[in-house]
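A short worksheet on the structure shown next.
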Amino acid sequence: MAATPRFRNDASAAPDPESLRSDRKHPVDETLPPLKMFTSGLQHVAAMYAGVVAPPMIVGPAVGLTPKETAFLMGASLFTAGIATLLQTLGFWRIGARLPFVNGVSFAGVTPMVAIGKDRGHDGIAVIFGAIIVASLLGFVLAPYFCKLVRFFPPVVTGTVITLIGVSLLPVAFNWSQGGNATADDYGSTTNITMAAVTLVIVLALRKLLRGFLQQIAILLGLVVGTLIAIPVGITDFGAIKNADVVGFPTPFHFGAPQFEIAAIVSMCIVMLVCMTESTADMLALGKIVDRPADERTIEGGLRADTLGSAISPLFNGFMCSAFAQNIGLVAMTKVRSRFVVAAGGGILILLGLCPVAASVIALVPLPVLGGAGIVLFGSVAASGIQTLAGAALEKGENALIVAAAVGVGLIPIAAPEFYHAFPKDLLVVLDSGISTGCVVAIVLNLAFNHLGRKPDVETGTVHEPVKEPQAAVL
């Protein structure tokens, strides 16, 4: 039987020989007109900006850097996030997932980096950078082996992890909605929360009322409208623009040559394993969303881009890079699947890193406004996970039990942040990440229930009991 062409303009028309011979590009590999490319890429930058600059805002003051030096770290983080994103989306050789995959500074490393660099000043930053370089190079070597774990990620596991990614990100949106800084006087004020609610309503209304491309950039439009409303309200800070330089380059080894200490290297190696686990889960999630399932080679390339980007990052005074799950929610919501759109976002990030004034314009978006939009973005990720679980045959075997236990454990850091307070600090790198703990629990339980002694269905993760041969009748 002749195969039906995948892409047809008219479903009722008979396929012509010419259309059968030409293969249309997958949406992931399509390019958009320049204006759409730029605005869609800018939307990705707006969604991730706060997440990129937050770690250096925390680490810089914690290790004793001045405000100006901390601002330098923020610019460097934007620059290196752009490089890592280009490695992921465009790639070369066997490096890069070649998916609409955004990379930025990993939050997983914030706590150990603060512990490593505390009270050391520039020496602390140099030790952090040295540890990141070694851990990243080790991760690059391990990538071809780590990616083979993909066979332990059937829908019952991936659906659980994707759901946890979305749910774990929602507290970030809630924190932004309250103002972002728990020590500020207006944190959690009715003004901040009202602005978040107004932005949420604006985004939902734009998604409902607009059509075509404008509907696809509803998040960006919502952020612009929300920011304009926030100006008379008085929660928009223009100080960043006034104090920003027009041009700035993250000078290599600005804080001195990297220093290498065993304890710091071990801590960052643990962080790297956590980042690789989360990136694997994110690639599986994104592959589902864009209808290009991530196989071993895709994950290997993605992990290599993660680790190579992280190894390059300290050279320009940046930190460890990993996947940004919030942008997966943006892809799911807008349906814009082109990796070149995200590559455009990576280019914008590099320009922002080289032009602090331009970066400060993005920073004009108040966190409550970003939080209102974030609720939709992160909720979309959780919804994608639930959709994946719908095809995981939860009514068969112990799949429902696997999901219940993994989600329960994964929610511990969210529902009870101090739950592991008595555990060693090194373990907290893993335990404080609900995505990592939930992922580990889901994989282990899936192995225990669906693999040991039984044959799993590769599509659903469901097991089938061995078929017994019928015995001959006894005469």
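All figures in this text were calculated on a predicted structure; none of them were measured in a lab.
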Kindly say whether Phe340 contributes a backbone atom to a donor-acceptor pair with the side chain of Thr89 at under 3.5 angstrom? no
How about Leu445 and Glu398: do any of their side-chain heavy atoms sit closer than 4.5 Å? no
So Met268 and Val134, side chain to side chain contact (heavy atoms under 4.5 Å, CB included) or not? Walk me through it. CA-CA 9 Å; Met268 296 313 296; Val134 175; over 6 Å; no
Is it the case that the side chain of Thr307 and the backbone of Arg304 share a donor-acceptor pair, with hydrogens and angles ignored and the cut-off at 3.5 Å? yes
One should read off an interatomic distance between Thr85 OG1 and His44 NE2, to the nearest 0.5 angstrom, of 10.0 Å
For Ser310 and Ser136, work out which heavy atoms get closest and say how close. CB-OG, 3.0 Å
To the closest 0.5 Å, what do you measure between CG (Leu394) and CG (Leu401)? 11.0 Å
Between Ile95 and Phe140, is there a side-chain heavy-atom distance shorter than 4.5 Å? yes
Once you measure the plane-to-plane angle for Phe255 and Phe129, does it fall in the parallel (<30°), tilted (30-60°) or perpendicular (>60°) bin? tilted
Starting from the C-alpha separation in whole Å, work towards a yes-or-no answer on side chain to side chain contact (heavy atoms under 4.5 Å, CB included) for Asp29 and Arg339. CA-CA 6 Å; Asp29 297 318; Arg339 61 190 173 100; 2.8 Å; yes
Short question: side chain of His26, backbone of Asp291 - any donor-acceptor pair under 3.5 Å? yes
So for atom CD, which belongs to Gln387, do other residues, nucleotides or ligands contribute more than 12 heavy atoms lying within a distance under 6.0 Å? no
Within a strict 4.5 Å, meaning less than it, do heavy atoms of the Arg207 and Val376 side chains meet? no
When you look at Ile265 and Leu138, which way does the side chain to side chain contact (heavy atoms under 4.5 Å, CB included) test go after all the steps? CA-CA 10 Å; Ile265 290 172; Leu138 178 62; over 6 Å; no
Quick one, Asp306 and Met276 - any side-chain contact, counting heavy atoms below 4.5 Å? no
Given Leu354 and Phe79, is the side chain to side chain contact (heavy atoms under 4.5 Å, CB included) satisfied, shown in steps? CA-CA 7 Å; Leu354 298 175; Phe79 180 79; 3.8 Å; yes
Minimum-distance pair of heavy atoms, taken over all atoms of Cys275 and Met320: SG-SD, 4.0 Å
Using 0.5 Å steps for rounding, measure from the CG atom of Leu367 to the CG atom of Asn175. 8.0 Å
Could you pull out the closest heavy-atom pair between Ala406 and Val441, with the gap in Å? CA-CG1, 3.7 Å
Report yes or no: does Ser338 contribute a side-chain atom to a donor-acceptor pair with the main-chain N or O of Glu30 at less than 3.5 Å? yes
Pairwise side-chain contact, Asn399 with Asn450, heavy-atom cut-off 4.5 Å (strictly under): yes
How long is the gap from CD1 on Ile386 to OG1 on Thr160, to the nearest 0.5 Å? 11.0 Å
Counting C-beta onward and ignoring hydrogens, is there a side-chain heavy-atom pair between Leu315 and Pro252 closer than 4.5 Å? no
With sequence neighbours left out, which residue pairs that include part of residues 124-141 fulfil the salt bridge (charged side-chain N to carboxylate O under 4.0 Å, His left out) condition? none
From the list Pro314, Pro250, Ser313, side-chain contact (heavy atoms from CB on, under 4.5 Å) partner of Thr80 resolves to Ser313
Is it true that the side chains of Ser279 and Asp282 contain a donor and an acceptor less than 3.5 Å apart? no
Any idea which heavy atoms bring Leu389 and Pro155 closest together, and the distance? CD2-O, 4.1 Å
Side chain to side chain contact (heavy atoms under 4.5 Å, CB included) partners of Pro258, counting only residues at least two apart: Ile133, Phe253, Phe260
CD/Glu300 to CG/Leu142 distance, rounded to the nearest 0.5 angstrom? 11.5 Å
Considering all heavy atoms, the nearest Gly104-Val52 contact: CA-CG2, 4.5 Å
Mind checking whether Val336 and Leu32 have side chains closer than 4.5 Å, heavy atoms only? yes
For Leu42 and Ile348, work out which heavy atoms get closest and say how close. N-CD1, 3.7 Å
NE2 on His254 to CG on Asn317, rounded to 0.5 Å: 6.5 Å
Flag, side chain of Gln88 to backbone of Leu99, donor-acceptor distance under 3.5 Å: no
Student check: side-chain heavy atoms of Leu284 and Ile299 closer than 4.5 Å: yes
